[in-house]
A.B. asks: 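One structure, pasted below without further comment.
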Amino acid sequence: MGMDGVMVSEDEEPSGRYIVVKALEDGVVIMGLTRGKDTRSHHSERLDAGEVLVAQFTELTAAIKVRGKAEILTDVGKVASGL
Ligand code: TRP
């Protein structure tokens with residue numbers, strides 16, 4: 001069941017919005033965290049310096065966690081991760 005109460009297919013329904021993560025060092029890890037009561041990491045993606053991930057939030061993915069130095073662009077703005 002989608003957030004608007006409409007049945008959705010088993011496949012993930014992506015939001016129309018994208019986030020962009022650009023790795024500023026090797027070995028940046030982006031983890032996808034599940035939506036709902038249970039928060040677990042269901043996928044991780046490793047980027048090397050200069051690599052860019054363009055992604056959407058979905059029925060399955062409510063949040064992401066970024067480890068390492070990266071530039072993160074979203075609707076709410078731009079932020080840097082890592083020290
Ligand atoms: N399972 C959580 C949820 O659906 C995932 C989540 C959303 C989350 N926002 C978060 C986890 C912020 C940590 C921090 O609400």
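When a ligand or atom number is given, it counts from 1 through the structure's own listing order.
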A.B. asks: For side-chain contact (heavy atoms from CB on, under 4.5 Å), just list the numbers for D75 and Y18, CA-CA rounded to whole Å, side-chain angles, deciding distance to a tenth of an Å, and then say yes or no.
C.D. replies: CA-CA 8 Å; D75 283 354; Y18 290 85; over 6 Å; no
A.B. asks: So which of H43, R35, Q56, H42 actually passes side chain to side chain donor-acceptor pair (under 3.5 Å) with T61?
C.D. replies: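 It is H42; the other options fail the test.
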A.B. asks: Nearest 0.5 Å, please: how far is CD in E13 from OG1 in T58?
C.D. replies: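 Nearest 0.5 Å value for the OG1-CD distance: 9.5 Å.
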A.B. asks: Which atoms of ligand 1 sit under 4.0 Å from any heavy atom of D38?
C.D. replies: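 Those atoms are 1 (N).
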A.B. asks: Which atoms of ligand 1 have any heavy atom of R35 under 4.0 Å away?
C.D. replies: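 Close to R35: 1 (N), 4 (O).
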A.B. asks: If you measure every N or O of A63 against every N or O of ligand 1, does any of those distances drop under 3.5 Å?
C.D. replies: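 For ligand 1, there is no N or O atom that lies under 3.5 Å from one belonging to A63.
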A.B. asks: Identify the protein heavy atom lying closest to atom 11 (C) of ligand 1, giving its residue, its atom name and the separation to 0.1 Å.
C.D. replies: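 Among all protein heavy atoms, the one nearest atom 11 (C) of ligand 1 is T39 CG2, 3.8 Å.
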A.B. asks: Less than 4.0 Å from atom 3 (C) of ligand 1, is there any heavy atom belonging to the protein?
C.D. replies: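 At least one protein heavy atom is under 4.0 Å away.
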A.B. asks: Could you list which atoms of ligand 1 come closer than 4.0 Å to a heavy atom of T34?
C.D. replies: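 With T34 as reference, the close atoms of ligand 1 come out as 1 (N), 2 (C), 5 (C).
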A.B. asks: Without swapping roles, check the side chain of D48 against the backbone of G27 for a donor-acceptor pair under 3.5 Å.
C.D. replies: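 Yes: the side chain of D48 pairs with the backbone of G27.
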A.B. asks: Quick one: does S41's side chain have a donor or acceptor within less than 3.5 Å of a partner on L33's backbone?
C.D. replies: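 No, because the side chain of S41 does not come within donor-acceptor range (under 3.5 Å) of the backbone of L33.
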A.B. asks: Got a protein heavy atom sitting under 4.0 Å from atom 14 (C) of ligand 1?
C.D. replies: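 No, because not a single protein heavy atom sits under 4.0 Å from atom 14 (C) of ligand 1.
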A.B. asks: Are L53 and I30 side-chain neighbours, meaning at least one heavy-atom pair lies under 4.5 Å?
C.D. replies: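 With C-beta onward as the side chain, the pair touches.
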